[in-house]
Amino acid sequence: MEKLKGTKAAYWAGKLAVESEPNLTTAQLMLFNHDLKPVEPARRQWKARHFVNFWIADSFNINTWMISSANVADGASWWQAWICVWLGYSIAACFVCMTARIGAVYHISFPVVNRASFGIWGALWPVFNRAAMACIWYGVQAWIGGQCVQLMIRSIWNNWRDADASGGITNGIPGSGTNTVMFVSFFLFWAGSLPFIYPPVHKIRHLFTVKAYFVPTAGIAFFIWAVVRAKGLGPIVEQKATVSGSKLGWLMVRGIMSAIANFATLIVNSPDWTRFARKPSDAFLPQLLTIPIGFALTSFIGIIVSSACTVIFGVQIWNPLELLSLFLDEGGSAQRFGVFVIAAAFTLAQLGTNIAANSVSAGTDMTALAPRWISIRRGGYICALVGLVMCPWNLLATTNSFTTYLSAYSVFLSSIAGVMICDYYVVRKGYLQIRDLYSGKKTAPYYYTVGFHWRGYTAYIAGILINVVGFAGAIGRDVPIGAKRIYDLNFFAGFIVAGVTYWALCKLSPVPATSDTWMEVGDEITDISVAYRDSDTERYDEEVMHGGSGKVAEDDAMHSKNF
């Protein structure tokens with residue numbers, strides 16, 4: 001293909017508004033629906049403050065609260081574990097901003113962005129992987145939310161607990177893997193979440209605004225309450241590291257990587273949110289700064305509260321829900337009121353996290369998998385249904401290594417991120433032909449070979465293979481120490497190998513629809529249509545590119561863009 005230069009690309013990109021969606025061909029109907037199309041200006045309502053609220057809200061959840069616990073338990077001091085959190089989430093923020101810019105500039109979602117690097121049909125596999133993982137995580141996070149609801153109810157009615165000698169509710173579902181109290185609590189959280197799936201994505205920002213004010217306030221109150229009761233910060237802040245040298249170094253590396261792995265899903269699908277940004281700058285500094293600050297402060301509160309509870313109860317407890325349960329066991333109306341408010345905050349925290357990281361992501365992905373039938377709203381409800389029927393309590397109860405497997409999933413996502421980022425920033429230099437991302441024509445530039453981009457898949461597999469042996473070691477197999485060290489760097493290893501492999505393959509066998517210079521033309525597009533005529537046959541073809549110079553005459557190039 002002719003590489004476009006100067007303002008010509010911007011001019012023709014701005015011509016995308018001539019035709020209307022009712023003219024879509026059969027090929028496009030399999031690639032397009034309203035929720036997949038680029039976001040028009042009227043729905044670009046996310047401002048800088050909304051991204052700040054989004055990440056403040058997302059940072060306050062049970063997983064973040066406990067993020068430092070593994071490192072402290074393995075022998076690091078509290079401040080060393082906290083440094084890992086700062087570094088890990090600062091690096092994660094950089095990755096998020098890189099993928100977020102694509103959505104903020106072109107206003108397209110992750111499934112559509114992925115078509116440029118994996119092919120029109122090849123993108124479906126990474127999208128399916130992300131959707132499946134979102135459904136699993138939805139169930140897990142909903143189960144944790146159900147535990148929060150159980151504490152809320154128990155703070156009002158103390159018998160809302162499994163039966164014991166002093167009272168409680170008899171388990172009416174023995175052999176199910178859970179009990180009546182926990183299942184009903186989980187179901188109440190699950191059912192209460194359903195109305196929040198209904199609003200369109202550009203309006204759900206108001207939920208995060210409310211959460212950003214209420215939840216951190218409750219967290220700070222919990223922090224003060226624990227410190228006052230302990231009459232100090234507790235022994236964890238005075239605890240020295242019990243490991244040193246290279247062992248401590250690799251422990252901190254794993255701590256940093258666990259923070260990045262916790263963000264792996266949000267790294268690849270950040271365009272799902274940032275496509276609603278008013279302008280790219282709204283999605284840059286607010287995320288770059290708020291992510292490490294928000295997650296580090298939440299982790300710090302978790303460290304100090306856990307340290308204080310060592311004084312109060314004589315045991316070290318990292319799970320805040322277990323700590324709240326011990327407060328309830330002490331009794332007293334003031335204790336119950338405090339537990340109710342804090343548990344309500346955690347319930348809201350889990351709700352926001354589930355909507356942001358799971359239901360919207362799964363819904364957006366499903367629109368690409370079945371665009372004729374599924375919208376983001378319908379996909380969100382399908383995700384919620386899967387989260388219910390998967391019986392998450394069994395998954396958590398029977399798989400001690402569940403978190404290990406979920407963290408290992410970052411290996412697959414790091415390869416996707418490596419290909420996506422290399423494709424946009426290095427190979428294409430910011431240039432995308434939006435309408436062709438919705439084209440099922442065999443001669444379209446993103447169709448590649450039978451709709452699959454072999455370079456993208458080769459790089460994706462290479463990024464996975466570099467971590468496979470180390471992953472086997474993580475689940476208990478005997479593997480060489482070198483493989484373990486590579487796996488300790490799993491996200492970086494997968495990302496770098498996938499990215500470099502993709503770049504090398506594109507150098508050896510160039511791809512169409514690229515630019516010689518940096519050229520983002522998304523700001524030229526205000527009202528995007530992706531319709532094309534069946535007579536539009538003047539397109540760029542991988543076979544044409546391999547058969548010659550990869551260029552066509554200028555007149556032909558302009559005719560093919562006569563939208």
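Quick caveat, the model's predicted, so the values are computed rather than measured.
- When side chains are defined from C-beta on, F186 counts as touching L388, because their heavy atoms get closer than 4.5 Å.
- Between the side chain of R44 and the main chain of V39, a donor-acceptor pair closer than 3.5 Å is present.
- Checked against side-chain hydrogen bond (donor to acceptor under 3.5 Å, both in side chains), S306 has no partners two or more places apart in sequence or in another chain.
- Under the salt bridge (Lys or Arg N to Asp or Glu O under 4.0 Å) criterion, D282 pairs with R278, K279, not counting sequence neighbours.
- The residue from D58, N63, T64 that alone fulfils the side chain to side chain donor-acceptor pair (under 3.5 Å) condition with N61 is T64.
- What you find for G494 and N467 is that their closest heavy atoms are N-ND2, 3.5 Å.
- Counting only heavy atoms from C-beta outward, the side chains of I120 and Y438 never approach each other to under 4.5 Å.
- Residues Y448 and W454 form no side-chain contact, since every pair of their non-hydrogen atoms from C-beta on lies 4.5 Å or further apart.
- Across every non-hydrogen atom of F412 and Y460, the tightest pair is O-CE1, 3.8 Å.
- Between the side chains of S270 and T99, at least one donor-acceptor pair of N or O atoms lies under 3.5 Å.
- With sequence neighbours excluded, the residues forming a side-chain contact (heavy atoms from CB on, under 4.5 Å) with D162 are N171, N179, listed by chain and number.
- Residues forming a ring-ring contact (aromatic ring centres under 6.0 Å, His included) with F54 (at least two apart in sequence, or on another chain): W46, F208, W273.
- Between V112 and the choices T364, L432, L437, V127, the side chain to side chain contact (heavy atoms under 4.5 Å, CB included) rule is met once, by L437.
- Annotation: the span from N269 atom CG to R130 atom CZ amounts to 4.5 Å, rounded to 0.5 Å.
- For R43, the salt bridge (Lys or Arg N to Asp or Glu O under 4.0 Å) partners two or more places apart in sequence, or in a different chain, are E40.
- Remark: F183 pairs with W393 by the ring-ring contact (aromatic ring centres under 6.0 Å, His included) rule, at least two apart or across chains.
- Contact record, P195 with P199: O-CD, 3.3 Å, taken as the closest heavy-atom pair.
- With respect to V497, the side chain to side chain contact (heavy atoms under 4.5 Å, CB included) criterion is satisfied by exactly one of I464, I466, L465, I461: I466.
- Judged by distance alone, the side chains of N358 and S361 never bring a donor and an acceptor atom under 3.5 Å apart.
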